[in-house]
Peer 1: 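Pasting in a structure now, in structure tokens, and then I'll have a few things to ask.
In this text the structure is predicted, and so the values were computed from the model without any measurement. Index from 1, following the sequence.
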Amino acid sequence: MGIKKSLSVFLLIASVFSVAAQNPKCEAVFTAYEQNIKSANYDDALVQYKDLKDKCPKVSDKLYIYAETALSYKIEASRTKEEKKEYIDNLLSLYAQYDKSFPGNKNGNDVKKALLLGENAMASNDEVFKMLDASFKSNTKGFTNYKGLEKYSELYIKQFESGKSGITEKDFITRYNEISGQIVFTKNKLSSERDELLKKQETQMLTDEEKQFIADTPVTIDVLTAINENTDKQASKHFTCEKMEQYYAESYEKHKADAVWLEVMVNTLLNNKCLNSKLFQDGAAALYKLKPTAEMALLMGTISQKKNDLKEAVKYFETAAGLEENPEAKANLYYRIAGIFRNSDKKEAKNYALKAAQLNPKFGSPYIFLAEMYSSATAAECNISDFDAKALLWLAIETVKKAEKADAKYKPTVAAVVKSYEKKLPTKNEAKAAGRRKGDQITYGCWINETVTVPNI
């Protein structure tokens with residue numbers, strides 16, 4: 001018995017030493033595996049992955065993240081159905097192993113599994129919906145996969161429209177609101193994480209993964225925005241302003257300080273053209289206080305413009321332009337302000353149109369706008385003669401041609417406008433009657449503030 005007991009103790013100690021000695025070996029194999037992944041040497045990497053997942057399943061969560069990349073590539077590159085299915089099965093197994101080895105990870109493996117099965121016709125739409133629905137209900141905040149959000153919203157709408165799912169109208173509105181809220185939450189989360197990394201890189205070196213995250217995030221946010229817009233479009237046919245106002249009014253007081261909730265409500269009412277809704281206008285004002293972004297300032301300006309409060313509209317558009325970093329977007333805002341001033345203050349209208357053109361050299365619309373202003377100026381407007389008013393058509397033609405120089409797409413429009421102006425140009429007799437001849441310069445004050453040289457007529 002003593003020998004057996006001693007042997008058992010020896011084997012136990014040997015086992016402990018074996019496990020302890022495993023870690024350095026795991027780390028060494030993992031380092032080689034990581035290098036193969038980064039070199040896109042996926043065949044060798046997958047051989048190493050198979051050994052690592054069996055012997056060192058918890059060496060690092062990157063073990064699974066890297067293998068997911070390799071297997072996804074192999075699925076796409078597969079030449080036969082059998083080969084493709086083998087890699088798909090391996091990826092499905094990976095998701096299960098990942099969750100077992102690292103429970104609570106943020107890879108969204110249940111969502112990825114549902115998408116993988118659906119994309120490869122290994123599960124019906126109903127089955128995919130059930131998987132995504134279960135995942136959304138159990139972990140809404142963790143449901144950040146944009147492909148998953150897109151598929152789930154698409155299938156939820158189809159389930160509701162089928163009339164066979166038992167989803168009521170109130171259920172539909174509630175879930176639509178939750179999905180939209182999750183899209184907004186995901187966009188904000190990505191933006192926040194990217195901002196943190198941008199701040200970090202000022203003092204520290206970033207990893208390759210962090211650098212890639214910074215580069216990928218703007219594209220992902222654009223995709224999420226497009227998904228939200230498409231979801232709104234598909235769902236809006238089931239909404240009325242009255243229904244949506246009633247739904248949001250029930251919870252407004254409770255959520256009026258919740259920026260995400262307000263953003264979903266405001267966007268929903270906006271996309272359903274409920275601009276006259278007091279709830280929409282109150283919600284937009286509350287959201288602007290919580291989140292005074294260029295986008296929200298633009299929305300507040302639009303609301304003010306619709307109320308015909310042009311002074312307030314200009315103030316908001318100016319604020320939006322000040323917050324906007326994109327020159328093209330800023331130019332669009334200035335062009336919009338020019339339109340507001342078109343009939344009330346032509347000097348300001350011209351100033352803003354020129355600002356727009358200067359900010360975006362490929363923006364032809366401001367030149368067309370200015371040409372129209374010159375061509376429609378009257379003699380009484382700036383205390384000029386009828387001939388001098390008509391002579392502004394030369395300035396209008398010169399100005400509108402700048403639109404074509406800015407962007408060739410304006411060529412047909414410019415040609416049509418020039419043709420219409422040329423029909424109204426001063427005649428030789430009119431010039432003679434006005435005492436004007438070739439080379440004479442006509443200087444305009446007023447809002448025009450330009451000089452026109454009389455050409456050979």
Peer 1: After noting the C-alpha distance and the side-chain angles of Glu68 and Tyr95, does the key distance pass the side chain to side chain donor-acceptor pair (under 3.5 Å) rule?
Peer 2: CA-CA 8 Å; Glu68 181 183 18; Tyr95 291 142; 3.0 Å; yes
Peer 1: Under 3.5 Å, is there a donor-acceptor pair linking the side chains of Asn107 and Asn105?
Peer 2: no
Peer 1: Given side chains that start at C-beta, do those of Lys291 and Asn188 come closer than 4.5 Å, heavy atoms only?
Peer 2: yes
Peer 1: Less than 6.0 angstrom from the centroid, inside 45 degrees of the normal: does Lys355 satisfy that with respect to the ring of Tyr334?
Peer 2: yes
Peer 1: Within a strict 4.5 Å, meaning less than it, do heavy atoms of the Phe129 and Lys151 side chains meet?
Peer 2: no
Peer 1: Looking only at side-chain N and O atoms, does Tyr374 offer a donor or acceptor that is under 3.5 Å from a partner on Thr399?
Peer 2: no
Peer 1: Taking the basic N atoms (NZ, or NE/NH1/NH2) and the acidic carboxylate oxygens, is any pair closer than 4.0 Å for Asp195 and Lys199?
Peer 2: no
Peer 1: Going through the checks in order, is the side chain to side chain donor-acceptor pair (under 3.5 Å) test met by Ser39 and Gln35?
Peer 2: CA-CA 6 Å; Ser39 302; Gln35 187 56 49; 3.3 Å; yes
Peer 1: Taking only Lys NZ, Arg NE, NH1 and NH2, and the carboxylate oxygens of Asp or Glu, determine whether Glu245 and Lys278 approach each other closer than 4.0 Å.
Peer 2: no
Peer 1: Heavy-atom distance under 4.5 Å between the side chains of Asn332 and Arg336, does that happen here?
Peer 2: no
Peer 1: Would the Phe363 and Tyr335 ring centres measure less than 6.0 Å apart?
Peer 2: yes
Peer 1: Test your reading of the model: is there a side-chain donor-acceptor pair from Lys350 to the backbone of Ile448, 3.5 Å cut-off?
Peer 2: yes
Peer 1: Taking the ring of Tyr252 and the ring of Tyr247, is the distance between their centroids below 6.0 Å?
Peer 2: no
Peer 1: If you measure from the Lys or Arg side-chain nitrogens to the Asp or Glu carboxylate oxygens, is any gap between Glu119 and Lys112 under 4.0 Å?
Peer 2: no
Peer 1: For the backbone of Gly142 and the side chain of Asn139, can you confirm whether one donor and one acceptor N or O come within less than 3.5 Å of each other?
Peer 2: yes
Peer 1: Could you go through the side chain to side chain donor-acceptor pair (under 3.5 Å) check for Glu154 and Asn230 one step at a time?
Peer 2: CA-CA 9 Å; Glu154 172 197 323; Asn230 187 54; over 6 Å; no
Peer 1: Between Glu312 and Lys315, is there a side-chain N and carboxylate O pair less than 4.0 Å apart?
Peer 2: yes
Peer 1: Are the charged groups of Lys243 and Glu169 less than 4.0 angstrom apart, N to O?
Peer 2: yes
Peer 1: Assess whether a salt bridge exists between Asp43 and Lys74, defined as any Lys/Arg side-chain N lying under 4.0 Å from an Asp/Glu carboxylate O.
Peer 2: yes
Peer 1: Validate the cation-pi geometry between Lys141 and Phe185: distance from NZ or CZ to the six-membered ring centre under 6.0 Å, angle to the ring axis within 45°.
Peer 2: yes
Peer 1: Quick one: are Met244 and Met265 in side-chain contact, heavy atoms under 4.5 Å?
Peer 2: no
Peer 1: Given Phe280 and Tyr248, is the ring-ring contact (aromatic ring centres under 6.0 Å, His included) satisfied, shown in steps?
Peer 2: CA-CA 10 Å; Phe280 165 72; Tyr248 286 118; over 10 Å; no
Peer 1: Would you please indicate yes or no on a ring centroid separation below 6.0 angstrom for Phe136 and Tyr156?
Peer 2: no
Peer 1: Quick one: do Glu229 and Lys233 make a salt bridge, cutoff under 4.0 Å?
Peer 2: no
Peer 1: Given side chains that start at C-beta, do those of Ile179 and Phe143 come closer than 4.5 Å, heavy atoms only?
Peer 2: no
